[in-house]
Protein chains: 4
Amino acid sequence: MSPSGGVRKVIFDTDAGVDDALALVLLLRAPDVDVIGITCCAGNVELDQVVENVLKVLAVCNANVPVYRGAPHPLLGQKKRVHAGYYHGSDGRGDSEEARQIDITAQKHLVSTESAAMGMYKVAKEAMAAGDKITLIAVAPLTNLAAAHSIDPCFSSLLKEVVIMGGNMEGKGNITLSAEFNFYFDPEAANIVLEEFCCPLTLYTWELCLEHPIPATQFSQIAHPGHSPISQYLFWISHYSAYTHHNVDLVKMHSSPDVLAAKNNTGGGTVDGNDDTEGDKAFVTADPMAVASWIDPSIVLERHTRPVMVELGGHWTRGMCIVDWEKKAADPEVLTPPFFNKEEHRRGVGIPTRLDTHKIVQMMLRAAGAPTAAE
Amino acid sequence: MSPSGGVRKVIFDTDAGVDDALALVLLLRAPDVDVIGITCCAGNVELDQVVENVLKVLAVCNANVPVYRGAPHPLLGQKKRVHAGYYHGSDGRGDSEEARQIDITAQKHLVSTESAAMGMYKVAKEAMAAGDKITLIAVAPLTNLAAAHSIDPCFSSLLKEVVIMGGNMEGKGNITLSAEFNFYFDPEAANIVLEEFCCPLTLYTWELCLEHPIPATQFSQIAHPGHSPISQYLFWISHYSAYTHHNVDLVKMHSSPDVLAAKNNTGGGTVDGNDDTEGDKAFVTADPMAVASWIDPSIVLERHTRPVMVELGGHWTRGMCIVDWEKKAADPEVLTPPFFNKEEHRRGVGIPTRLDTHKIVQMMLRAAGAPTAAE
Amino acid sequence: MSPSGGVRKVIFDTDAGVDDALALVLLLRAPDVDVIGITCCAGNVELDQVVENVLKVLAVCNANVPVYRGAPHPLLGQKKRVHAGYYHGSDGRGDSEEARQIDITAQKHLVSTESAAMGMYKVAKEAMAAGDKITLIAVAPLTNLAAAHSIDPCFSSLLKEVVIMGGNMEGKGNITLSAEFNFYFDPEAANIVLEEFCCPLTLYTWELCLEHPIPATQFSQIAHPGHSPISQYLFWISHYSAYTHHNVDLVKMHSSPDVLAAKNNTGGGTVDGNDDTEGDKAFVTADPMAVASWIDPSIVLERHTRPVMVELGGHWTRGMCIVDWEKKAADPEVLTPPFFNKEEHRRGVGIPTRLDTHKIVQMMLRAAGAPTAAE
Amino acid sequence: MSPSGGVRKVIFDTDAGVDDALALVLLLRAPDVDVIGITCCAGNVELDQVVENVLKVLAVCNANVPVYRGAPHPLLGQKKRVHAGYYHGSDGRGDSEEARQIDITAQKHLVSTESAAMGMYKVAKEAMAAGDKITLIAVAPLTNLAAAHSIDPCFSSLLKEVVIMGGNMEGKGNITLSAEFNFYFDPEAANIVLEEFCCPLTLYTWELCLEHPIPATQFSQIAHPGHSPISQYLFWISHYSAYTHHNVDLVKMHSSPDVLAAKNNTGGGTVDGNDDTEGDKAFVTADPMAVASWIDPSIVLERHTRPVMVELGGHWTRGMCIVDWEKKAADPEVLTPPFFNKEEHRRGVGIPTRLDTHKIVQMMLRAAGAPTAAE
Ligand SMILES: [Ca+2]
Ligand SMILES: [Ca+2]
Ligand SMILES: [Ca+2]
Ligand SMILES: [Ca+2]
């Protein structure tokens, strides 16, 4: 691992879906970042699969980072589980045969015998003792973070900050009508992090991702069989969800480079306004938005700080975020749940609302070893 | 009452707050509208007060319409009650002494011995028998409508349509962080109307009202002590909430007509950009938006039709609306509550999202007997 | 109908399952009772089936009573529906071919055009005006009663009392682990009756019925093909549920009269302790317990009066009753839901806890035209 | 500490109320028991107070056991907290001045720097490695146990068994109408233990304690200023709650030994049937029932094994236990929550329903150094 001088230390908490892989690639390839641990959490796929998928990315990136097995199910237990194989493929890697064949024997020793909660607690404690607080980036259900908090309620005070892809801000969900997957998978854990953690928190919400899609022409260069092993791997695992969920045919795009090049030159606009080709499409990806924005803070163009609550009950709204946009929960005329203490000061959570998509794309292209527009 | 030839018949269901009064004025003064009944529901204030406030408006407008006493509390009972006296004044008339002194002895005979639920049921049935379906405009908790449905599940098939001020569409509330007052007051009733009624429904939501405020300069002409008895009454009852909740001092505005006239001439802009005077402010009002838009359908500039659900549980979200913007509740990948039947066709509710505020203001000015810009 | 001198007037609200039929027979055959209306409610079976089943019983009993169609689904709508065909047969009559063939053409005129809610309201009002309050016996979901209350919140003040088969008192349910069918079918309606009705209420709970089964030997005389048309009808409709749910084979019992007679003579004990024959078994029936106890109040050997609440939320407990046995809800040390007002006086509900089963059986035998032990 | 040959090793998890003290005394004085750790959990009082109270008991008993600080609040956070100072005194020691003055300076070193969750996890792991599984007795909210489970989902497989004072079995609560304090304080933790733990579980419920009170005459000997330092300490801390909550005046009893001796001779019956003296009263205590029954298993006279669920939602029933007495949750006709998997085998929890109170009293008397009847 790289020396701590100048670098920013980070733990990456992941449930190893397709977008987690791209997020991890960004992190591993960032020049001034030291990934000192990867903690795995059940979510998009089962825990064993999450660990395997992380090792695949480490193999492809030729990186050595300790990996910790974490929560096999939400805080409230295995019976409350839901998965997202319909999107990420049953293996969280787009069911790619090529990805399956990558050998990870050499990576197996990276898996710690310590649990994720213990691992992140110890690593944070050691870093704190060394005068160097770490950042925790979580792009998965927040179960491991809640578990670390239950080991020691001071856990969050050991952290520099927690950066989260999860939750929502306008009542638009992806797994239910009103809730985002990571928060819905373990609402109690999300509640614990939002209510009890005392370090700065930033929430990259589902609506933010929806409003900042990656143009398909550029994504087809990031996930491309010919640019680099990393780019090739991203192509293998993205092909399925790009096709089935975003109606983007990466293979077709790779086989028509001229048309796409032409498009690229015109700034991503259409060559022919009447033709809805692949190049006009855009690709919503979630986890990389949080990671890229943390790597390069200038990506965040607008950001608010507001109290955010998580609904734990509700027939339609379990796991949904309630954002107190007008900071009015404390207003005596506004009715709040019985357990809510209006007199208590309620800390705000950072909520980015506008990102520089161009910068994100450039970072992705560089990380994937693809040619960038500027180069 | 006007003859039924060419007129549109309507029942007005109200909880007689300040904005209900303006809404009722619009309706009573509309040239082609016949208000054939006013049904009262507890909400902003207690039921007795609602009836009294309706009679005051009838006295001021010199109108004779049958008035029906309705639900004294929400469907689930008196223990679940909440009121909104903090906004509308303890009497729902801004605690105006002048309004209090208006004599309604001559109006008392208008109060029917029939209950609101029975009244609206019978009136709708008779109209249906006469081949003339009526519209029901509800700007109150929907308790009376739910009660009429419980008398006869075919009640809604007797109606031409139901127009509602209530609910929300982006998770922004006024009585709680996420719920609008009318729906929060009786979520079960709102649920019954949205789930069970089979006639067309239109929902003028809280966020719609928030996004279409009435400029204070113009409101000060609508609620003005010198234009007409109606305008004067609106001034009496609006003064309190305008001042305490919208920071608009109507008295000050009426006493500085020149400055305001100057403002008006410059299109509502500021005379002096550095001076935050009354004229720059705007006034959010809810019930009149629904009524005006129904009177003149050309006011609605944009409108969507989407399934809308009401959250009955939830710690933070009881009474909140869930709008299925992308019509994806039926998607098998999207998780829905156990009682939700994905295969059942789910009817959409009309949701206006953009209104012509100028037309609304002109209608208000005309109804209040105030000079209009165009005239 | 019998004259009102000396008789007790009653409305019977039913969802026309197997036990409802026996309950109705008891009521129609009681010497001093005048059934002035039968209101139908969806529950055990669909509403149309309920009406049909009631007419069958009227045909068999040769009785003329106005019948009112009521709620086709719970207060909150058709989507929340559940039925109990698994127990009562898909037609609520044990799917008996003989019962199906009973002609009810002559009874069809008995069905009113008025809804159940309107019917019970008007009948109660007329009786009140005549100085003769009526009793309402409800052995179904309480939807019709809640609907009548929504027509006029004073409805319950017109009644002498409401006698209910429904709810539970020790957290033991039949449709869920903790809730009884009638209350679970429409918890909101049950809540309205328990919280808002101001007349005396009596609750015959599921546990009470469980603890007072009818011995199979005696039931086989009540439901017997040879004693009378009524007894024969009860046999037809009971055979299925007796066999499938109580493991009692009525046919076998009727074909071995001697053995059973011997048993009867020994007080219901076993002839041969090692032989688990039909005669040793017992038959739990619900609705007749409430009706019999009302007809002859001396049947109730023990009775408490306690506040009873209905859980409307809960994953496991929706529809369950909470009985405040020690009257401690008002104790400030005991935590209660936010909407509960400790200072408000909370009226108790009558809860019979011990019945005289022998008297009930004798009443059933008499009503069915079967030989009674005493005769 | 006693040698491990022949002894049973136990961890004691406590929230250090009055009854916790007596339970701990029983455990420390049991001849064949080795208390290898005491884990503290917020509950009856705040966490710091719990630790202090445990050290007081260790000082009084002259025992050296490692003490671990655990959860300062329920799993879902500090905002959901409730305490029981009204019963146990604001310090959980009956606000006794004498108890306050006991010096615990010499005990402070016993407090580990490890958290309770980590402590119980490590101790269990070491014991498992040494081939000697330990028992965990929890007489507090189950937060620490849930936290240990979140460190490693295999935690419970390291344990011999978990014995719990908590929950209820007939819907009778003490902190709410339907929930017991320990389970209500942290329902999510209770749910995790009941749903996820894979070792044998035994539940000593609130109703069990209610039905097995300790006669006041005998309790006055257990908590007596003259028998021993332990007995004296129990007197100091019990006096307040005995008097205010059970109407038992220990001081008066201690000053009238003759009357009480006479009573004792007559088997606890009344000397004078008309006089309701202290001697006729009984004293409900909870935590010692679980501990005594574990120390001497012959105390349990009747015990059932049934699935037990915890209600997490509910307005009236949050924290209540649902016992599947008839093992019918798997029955397809019985409705269960959507997350419940009927096909999954559901493990039973041991539920003692009858105890030998006499044996418990004798064990208490011996532990307190008081004269026993048999001696
Ligand atoms: Ca992820
Ligand atoms: Ca209104
Ligand atoms: Ca029934
Ligand atoms: Ca305790």
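Computed from a predicted model, the values in this text were never measured in an experiment. Hydrogens, waters and symmetry mates play no part in the numbers below; they use all other heavy atoms, side chains included. So that the names make sense, note that chain A is the first sequence line, chain B the second, and so on, each numbered from 1.
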(request) Answer yes or no: does atom NZ of Lys160(D) have more than 12 heavy-atom neighbours from other residues, nucleotides or ligands under 6.0 Å? (result) no

(request) Might you confirm whether atom NZ of Lys328(A) has over 12 heavy atoms from other residues, nucleotides or ligands at distances under 6.0 Å? (result) yes

(message) If you count heavy-atom pairs within less than 4.5 Å of chain A, which of Ala146(D), Ser150(D), Ala189(D), Gly70(D) leads?
(response) Ser150(D)

(message) Looking at every heavy atom in both Leu75(A) and Ile192(D), which two are closest together, and how far apart are they?
(response) O-CD1, 3.1 Å

(message) As an exercise, state the distance from CG of Leu312(D) to CD of Glu188(A), rounded to the nearest 0.5 Å.
(response) 7.5 Å

(message) With a 4.5 angstrom heavy-atom cut-off, is it the side chain or the backbone of Ala147(A) that approaches chain D, or both, or neither?
(response) both

(message) Please rank Ser115(D), Ala116(D), Ala71(D), Ala148(D) by heavy-atom pairs under 4.5 Å with chain A and give me the top one.
(response) Ser115(D)

(request) Report the distance from atom CD of Glu114(D) to atom CG of Asp152(A), rounding to the nearest 0.5 Å. (result) 10.0 Å

(request) Taking all heavy atoms of Leu76(D) and all of Glu196(A), pick out the closest pair and write down the distance. (result) O-OE2, 4.0 Å

